[in-house]
2 protein chains.
Amino acid sequence: MYELFFQEFNKKAPLTGEEETLIKTYLTPKKLRRKQYLLQEGDVCKAIAFIEKGALRAYSVDDSGDTHIIQFGLEGWIISDLYSFLTGEPATYNIDAIEDAELVLISKSAHEELLRKLPKYETFTRLNITGAYLAMQKRLTSIISSPLEERYAGFSALYPEIVQRVPQHMIAAYMGLTPETLSRIRRRISSK
Amino acid sequence: MYELFFQEFNKKAPLTGEEETLIKTYLTPKKLRRKQYLLQEGDVCKAIAFIEKGALRAYSVDDSGDTHIIQFGLEGWIISDLYSFLTGEPATYNIDAIEDAELVLISKSAHEELLRKLPKYETFTRLNITGAYLAMQKRLTSIISSPLEERYAGFSALYPEIVQRVPQHMIAAYMGLTPETLSRIRRRISSK
DNA sequence: AAAAAGCATTGATTTTGGTCAATGCTTTTA
DNA sequence: TAAAAGCATTGACCAAAATCAATGCTTTTT
């Protein structure tokens, strides 16, 4: 249990056996069926989720009913509404499972206590957020500077797993375009 | 010296006098004239810069000569090409001063040593990157989900300082549009 | 197994933002 | 202080993506 979680943790901050045992007492496993919510807009995000298995998405739905995907999550990634988690404000995102999933939850109190007790947990947290920041910056840069075709090509080169496992209309919602436009872009790319 | 820097540091992780003295030995002040580079694309980013005074921008220039602004920085903010700083790869951004500026530099070796020696510095770093992550997520969300007018209105409500101090064509480059389009949006907004 | 819902694709049309070009200011530079 | 460069605005035109609509699959649900 928690294999992947500790594999990732040890990459970022190598742990002793006792430390692992200690951390385990703070973790909660959770299974999610496809289409089930982990979090709904308006609720407070009570935990950070590490993905052991499956695929999830964080998204919002605007006034006109369009969904906008903020983040995908696959095995080894972390997903949450971090703003809500940190501030206790109601979440502005929904998070649900695109595939059946197995998660490792870290509750707010567990997070805070681990930060206080275990410097390696702060390192783990710092490196996670740094990685997420750099990934998001890459995404943002490509949005403001690359033409659409390049953007999609870059995305599918960087995240082939997502392209394989996630329906196209969700990728369109992630890229900020309509499914029709994405379909046409794919055709243009494949005909070259 | 370093007033604002320690003010911000103490907000995130309160320091003793000795700790402040220690940290000061790792810091380097730097002044920058308007239009001077702090970093040029292709060079390795050797330091993180905390802005005591002035305004800077991080940006890239694409093949067709268009500039794309990744980040603005004002007093109290941190600016760098973090990816280059952390990996030692050549920077993909330029950073220069929009106004004359006073900076506090933290070199790579200083950063690493402080992380090792002083847990509070890791906390400071973690909270900085977390704040930057949340700010960028807000920006990204508004890009993929809000219509242009709303995006500009949201931006100028959130960062009135930037709107006042930075030329409009740079704000256009930050939002991923042409100066002409931004000018038209502003007119539409003001005529309501 | 049949019905329904979800999905990707394509076409026709409309909307939005980009491009090209010109003008009048203001700020730098010589 | 004169010349030049930089900047914001406006207009006419063009290109790209959104919208609306229809079709044929595939997957889910009953």
Side-chain angles (χ1 to χ4, degrees), chain A residues 32-36 54-55 57 59 61-69 72 94 96-100 142-156 162-192, chain B residues 33-36 55 57 59 61-69 72 94 96-100 142-156 162-192:
Chain A
L32 223 54
R33 286 268 164 70
R34 193 166 108 86
K35 297 197 174 177
Q36 275 191 323
R57 62 174 176 164
Y59 65 100
V61 180
D62 69 18
D63 315 321
S64 47
D66 296 341
T67 88
H68 303 283
I69 295 186
F72 288 116
N94 302 281
D96 68 12
I98 300 173
E99 302 170 356
D100 292 356
S142 108
I143 288 183
I144 61 174
S145 54
S146 305
L148 268 189
E149 271 184 49
E150 238 173 85
R151 254 167 77 195
Y152 180 76
F155 173 77
S156 56
I162 292 180
V163 174
Q164 281 203 335
R165 291 163 63 179
V166 167
Q168 232 171 246
H169 71 275
M170 288 190 189
I171 292 174
Y174 176 88
M175 297 185 66
L177 24 108
T178 60
E180 293 95 327
T181 300
L182 180 57
S183 171
R184 292 187 240 264
I185 286 166
R186 282 165 50 91
R187 187 153 55 114
R188 283 211 301 268
I189 289 176
S190 69
S191 72
K192 291 205 268 203
Chain B
R33 286 270 165 68
R34 194 166 108 87
K35 297 197 175 176
Q36 274 191 321
R57 62 174 176 164
Y59 65 99
V61 180
D62 69 19
D63 315 321
S64 45
D66 297 341
T67 87
H68 303 283
I69 294 185
F72 288 116
N94 302 280
D96 67 12
I98 300 172
E99 301 170 356
D100 292 357
S142 106
I143 288 183
I144 61 174
S145 54
S146 306
L148 268 189
E149 271 184 49
E150 239 173 85
R151 254 167 78 195
Y152 179 76
F155 173 77
S156 56
I162 291 179
V163 173
Q164 281 204 336
R165 291 164 63 179
V166 167
Q168 231 171 247
H169 72 275
M170 288 190 190
I171 293 175
Y174 177 87
M175 298 185 66
L177 12 119
T178 60
E180 292 96 327
T181 299
L182 180 56
S183 170
R184 286 173 183 126
I185 287 166
R186 281 165 52 90
R187 185 153 56 115
R188 284 209 302 268
I189 289 176
S190 69
S191 72
K192 291 205 268 207

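To find a chain, count down the sequence lines: A is the first, B the second, and so on, and within it residues start at 1.
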Picking from Arg57(A), Arg165(A), Arg33(A), what satisfies salt bridge (Lys or Arg N to Asp or Glu O under 4.0 Å) with Glu99(A)? Arg165(A)
Decide yes or no for [X] and [Y]: does some side-chain heavy atom of the first lie under 4.5 Å from some side-chain heavy atom of the second?
X	Y	value
Phe72(B)	Ile98(B)	yes
Val163(B)	Phe155(B)	yes
Asn94(A)	Thr67(A)	no

Nearest heavy atom decides the nucleotide; on that basis, is Lys35(B) or Thr181(B) closer to the 5' end of DNA chain D?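 Result of the comparison: Lys35(B).
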If you assign Leu177(A) and Glu180(B) each to the DNA chain D nucleotide with the nearest heavy atom, which residue ends up on the more 5' nucleotide?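 Whichever sits nearer the 5' end wins; that is Glu180(B).
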From Arg151(A) CZ over to Leu182(A) CG, what is the distance, rounded to the nearest 0.5 angstrom?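 Going from CZ on Arg151(A) over to CG on Leu182(A), the span is 10.0 Å.
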Going from CG on Leu148(B) to CD1 on Ile189(B), what distance comes out if it is rounded to the nearest 0.5 angstrom? 9.5 Å
Rounding to a whole Å, what distance do you find between [X]:[atom1] and [N]:[atom2]?
X	N	atom1	atom2	value
Asp62(A)	dA18(D)	CG	P	13 Å
Arg188(A)	dA17(D)	CZ	P	6 Å
Asp66(A)	dT19(D)	CG	C1'	11 Å
Leu148(A)	dA18(D)	CG	C1'	12 Å
Arg184(A)	dA15(D)	CZ	P	18 Å
Ile143(B)	dA17(D)	CD1	P	16 Å

Within the 4.0 Å heavy-atom criterion, would you say Leu182(B) contacts the bases, only the backbone, or no part of the nucleic acid?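 Contact class for Leu182(B): none.
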Start and end of chain A contact along DNA chain C [non-hydrogen atoms, under 4.0 Å]: dC7(C) to dA12(C)
